[in-house]
Structure formats: structure tokens, C-alpha cells
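The structure appears right after this line, and notes come after that.
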Amino acid sequence: MQASFFPAELKAIAAKVEDGERLSFEDGVSLFASADLIALGAMANRVRERMNGDFTFYNVNRHLNYTNVCVSDCAFCGFYRRVRHPEAYEWSVEECVEIAARAYQEGARELHIVGGLHPRLQFDYYTSLLSELKRHFPDMHLKAFTMVELDHLTRICRLSDEEVIQGLIAAGLDSCPGGGAEILGEPTRSKICAHKTSGERWLELSEKVHGQGLKTNATMLYGHIESIEDRVDHLLQLRTLQDKTKGFMCFIPLAFHPQGTDLAHLPGPSAIDSLKTIAVSRLLLDNVPHIKAYWVMLGKNIAQVALRFGADDLDGTINDGGTLMESYLAEGNENHLTKSGIEELIKGAGRIPIERDTLYNPIPLDRRLPPSKVISQPLPILN
Ligand code: V47
């Protein structure tokens with residue numbers, strides 16, 4: 001790194017990064033406050049290459065949003081509907097299995113399953129969903145339910161945290177996605193999602209899930225009303241828990257999309273802000289192995305550039321992203337990306353594409369579908 005070109009306010013931080021020293025809260029604030037995007041990118045890229053070399057990971061997955069009914073009323077969400085709304089839906093377990101069957105035929109080996117906080121669905125719906133999916137597709141990884149959904153289940157079904165977590169694992173849960181973290185700190189969290197699981201509880205449940213041996217992800221929703229200090233505090237709270245559990249596989253900064261939400265008057269984050277946020281996340285989260293540039297929200301172009309600003313993962317190909325994704329798709333973005341499309345993006349950034357499973361194991365060559373292959377014959381798996 002050519003630290004001599006760095007602005008004065010970043011020189012001491014650059015030296016710490018070079019020496020592999022942990023950055024402080026104040027360092028995080030200085031990084032966000034700096035206008036020198038290229039210096040931030042160079043530092044984050046240094047750490048990215050130290051941790052993941054030139055590799056960039058992606059997987060073949062499908063999002064399954066079993067319901068859009070939600071009692072949480074989050075100001076940033078354009079996806080949810082109240083229970084009696086004409087556009088409210090909930091899919092039966094059979095419908096979910098049908099959708100999974102199509103995804104399986106198209107090569108997906110991960111289902112990313114999340115939904116709204118439904119006031120009436122009972123625990124046996126969630127366990128049957130997992131066990132039926134596992135029965136039909138034993139080699140499909142089920143990455144399901146955020147900490148917010150788990151918290152909702154404990155309350156609505158009057159079960160302990162352990163009963164919920166162990167019950168879901170017994171039914172087939174393999175890992176959990178990182179949603180629902182939003183901004184962990186108060187008072188911002190209450191301003192954007194007053195009725196949601198608290199930040200403290202989100203962390204507590206993550207710790208308990210890690211304690212049961214499962215990996216999870218973590219997210220941060222940025223570019224709305226939060227301050228730079230909120231972001232740094234959020235990242236450091238995740239870092240502290242990760243020191244304890246090592247359970248987070250990946251961190252995903254989620255760019256806020258204002259359309260269709262109660263915060264539609266806000267502009268959302270700029271491209272510069274998104275790249276800075278990815279870079280600072282890479283620099284502060286020195287103990288989280290992967291940083292995801294979620295192309296769906298960032299748009300393909302910014303996601304590609306992010307591979308030089310700290311990110312080493314693009315998430316999935318996504319043949320059909322599900323209904324939640326439609327609500328936050330980047331402007332002008334398509335809702336799917338083929339394997340060759342994602343590999344071209346990665347190679348275009350001078351990186352090496354690695355198709356991975358959910359737990360970041362590379363998929364052996366003999367188990368990969370060739371990029372162009374589409375299975376057109378229905379598989380006789382449903383009974
Ligand atoms: O928790 C909701 C966010 C999350 C909006 O774990 C919005 O691999 C932007 O967590 N604009 C769900 N974001 C998505 C999510 C996720 C995505 C991809 C990969 C993984 C993973 C997790 O989406 C919610 C919320 O933070 N969200 N509304 C919006 N208007």
C-alpha cells in the first residue's frame with residue numbers, strides 16, 4: 001500500500017491496517033468521515049486480499065418468502081402487508097415444496113427462507129416446512145429464519161429460545177440468514193422499527209444459535225436516518241460477539257431502498273457511500289471471514305467495483321428472488337443472474353470466481369452444473 005499518498009487523517013489508521021492491528025471506534029468514525037474513497041478502498045483491499053486472496057465467492061440459491069404478512073410495521077420495509085390486506089399472502093408447505101422443486105431442478109442447493117412476522121402461523125408450520133423440504137431435497141441447505149423470526153416464534157408459540165432453536169434444527173435448519181439486524185443501537189433502531197426485536201435480543205439469539213453449533217450471517221441496513229456513529233457502533237457490537245462465538249460467516253451491508261416505504265422521502269445511499277460502507281466494514285470486522293456485496297440491492301456495477309473495495313462474495317445467482325427481493329431490487333437491476341453472468345462480473349474485476357456452498361466450501365468441479373446447463377426435464381421428486 002502506498003501510504004505516503006494517504007491524507008494525514010488516515011496515515012495512522014493505514015499503519016495499523018498494515019500491521020494487522022485492530023481498529024477502534026474513533027478509527028471507524030474517521031474512516032467514514034474521510035472523503036478519500038481511494039485510500040479507504042486500498043486499505044480494505046489489502047485486508048480483503050490478506051483474508052481471501054483473489055477469490056470471490058458466489059452460490060446458486062433461491063429465496064423463498066413464505067409470507068408477507070407482518071405485525072412489525074417497520075418504516076423501512078415495502079414488503080410487508082397487514083393480515084387482511086388484499087395483497088397479503090401465505091404459502092402452504094406444499095406450495096413452498098413446489099417452488100423448491102423448480103429451484104432444485106435449476107441447480108439451487110441453498111434455500112434462503114424468510115418471511116414476515118405472521119400473527120397466526122404456529123410452530124408446526126415452521127417445522128413441517130423444514131422437514132418436508134429436507135425430505136424432498138436432502139442435499140438442499142436450508143438457511144432459514146432471522147433472529148427476529150426466532151424471537152417472534154418464542155413469543156407467539158410460548159416456547160423457550162432453546163425449544164425454538166433445537167426444534168428447528170431437528171426439523172432440518174442448517175444455518176440462519178443475517179436479516180433483522182438493521183441498526184442495532186438506540187434510539188435509531190426504535191425510530192425505524194419500533195416494534196421489532198431489540199438489538200440486544202438480536203445479538204442474544206445469534207449467540208444462542210451459534211452455541212447450538214449453527215453458523216449465521218449478519219447485516220446492517222444503511223443509508224436512511226442513521227448516523228456514522230450508529231454504523232460504527234453496529235459493526236463493533238457484531239465484532240464483540242464474533243470474538244466470543246466465531247459464528248458469523250459473512251457480513252452484508254444492505255443499501256436502503258426508499259421506494260414504497262414510509263421513508264420514501266429519503267434519497268437512499270449514494271454509490272460512494274455504499275463503497276465506503278463496504279470498505280469500512282471490511283476494515284472494522286477483522287474477525288468476520290467474508291463481506292458480501294449483495295448485487296441485488298447494490299446493482300451489478302457497484303457490486304463489481306466493491307470486489308476491489310473489501311468485498312469477496314456476491315451472494316447468489318438467484319433464478320427468482322422471491323417477493324421480498326422484488327421490494328428492494330436496485331433500480332434497473334434484473335432479478336436474476338446466471339452462473340456465467342456472475343462469473344463474468346467477477347472475472348471483470350480481476351478476481352477468481354469460486355462457486356461455494358452456504359458454508360463457504362468450494363463446490364467440487366464434478367458437482368457443479370456447467371454455467372449454461374438448464375435442466376428441462378421435471379424431476380420425479382414430488383410425492
Ligand atoms: O432484514 C428490508 C432489509 C433484510 C429494505 O444472510 C431492506 O446471506 C433495503 O437480510 N431496502 C432482508 N433493505 C435481506 C437479508 C439478506 C439478504 C441477502 C443475503 C442475506 C444473507 C440476508 O432486508 C431485512 C432488512 O434489513 N430490507 N427493506 C429496503 N427497503
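Both ligands and their constituent atoms are indexed starting at 1 by order of listing.
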Region of Val114 engaging ligand 1 - heavy atom pairs below 4.0 Å: neither

Near Ile252 (heavy-atom distance under 4.0 Å), the atoms of ligand 1 are 6 (O), 8 (O), 20 (C), 21 (C)

Does at least one non-hydrogen atom of Gly78 fall below 4.0 angstrom from an atom of ligand 1? no

Give the numbers and elements of all ligand 1 atoms closer than 4.0 Å to a heavy atom of Gly179. 1 (O), 10 (O)

Heavy-atom closest contact (Phe57 atom, Asn52 atom, distance): CE1-OD1, 3.9 Å

Mode of Tyr294 contact toward ligand 1 - side chain, backbone, both, neither (heavy atoms, under 4.0 Å): side chain

For Leu221, counting its heavy atoms only, list the atoms of ligand 1 lying under 4.0 Å from any of them. 7 (C), 9 (C), 13 (N)

Look at Asp230 together with Lys191 and state whether they make a salt bridge at an N to O cut-off of under 4.0 Å. no

With a 4.0 Å cut-off on heavy atoms, is Lys143 in contact with ligand 1? yes

Ser175 and its side-chain contact (heavy atoms from CB on, under 4.5 Å) partner, picked from His112, Lys143, Glu110: Lys143

Considering only heavy atoms, which of Leu254, Asn217, Thr216 lies nearest to atom 15 (C) of ligand 1? Leu254

Backbone, side chain, both or neither: what part of Ala255 comes under 4.0 angstrom of ligand 1, heavy atoms only? backbone

Decide whether an N or O pair under 3.5 Å exists between His63 and ligand 1. no

Check whether any side-chain heavy atom of Phe32 sits under 4.5 Å from a side-chain heavy atom of Glu229, and report yes or no. no

Would you call Leu314 and Leu307 a side-chain contact if the rule is heavy atoms closer than 4.5 Å? yes

As a check for students: among Cys74, Ala264, Gly178, Gly180, identify the option with a heavy atom nearest to atom 1 (O) of ligand 1. Gly180

Please state which part of Val148 comes within less than 4.0 Å of ligand 1, counting heavy atoms only: side chain, backbone, both or neither. neither

About how many Å separate CG of Leu31 and CG of Asp27, when rounded to the nearest 0.5 Å? 6.5 Å

Check Asp161 with Arg201, please: is the shortest side-chain N to carboxylate O separation under 4.0 Å? yes

Go through ligand 1 atom by atom and flag the ones less than 4.0 Å from a non-hydrogen atom of Glu182. 1 (O), 24 (C), 25 (C), 26 (O)

Under a 4.0 Å threshold between the charged nitrogen and the carboxylate oxygen, would Arg155 count as salt-bridged to Asp151? yes

Ionic contact status for Glu182 with Arg189, cut-off 4.0 Å: no

Those atoms of ligand 1 less than 4.0 Å from some heavy atom in Thr219: 10 (O)

Short list, please: which atoms of ligand 1 are under 4.0 Å from a heavy atom of Pro177? 6 (O)

Look up atom OG1 in Thr245 and atom NZ in Lys215, then write down how far apart they are to the nearest 0.5 Å. 7.5 Å

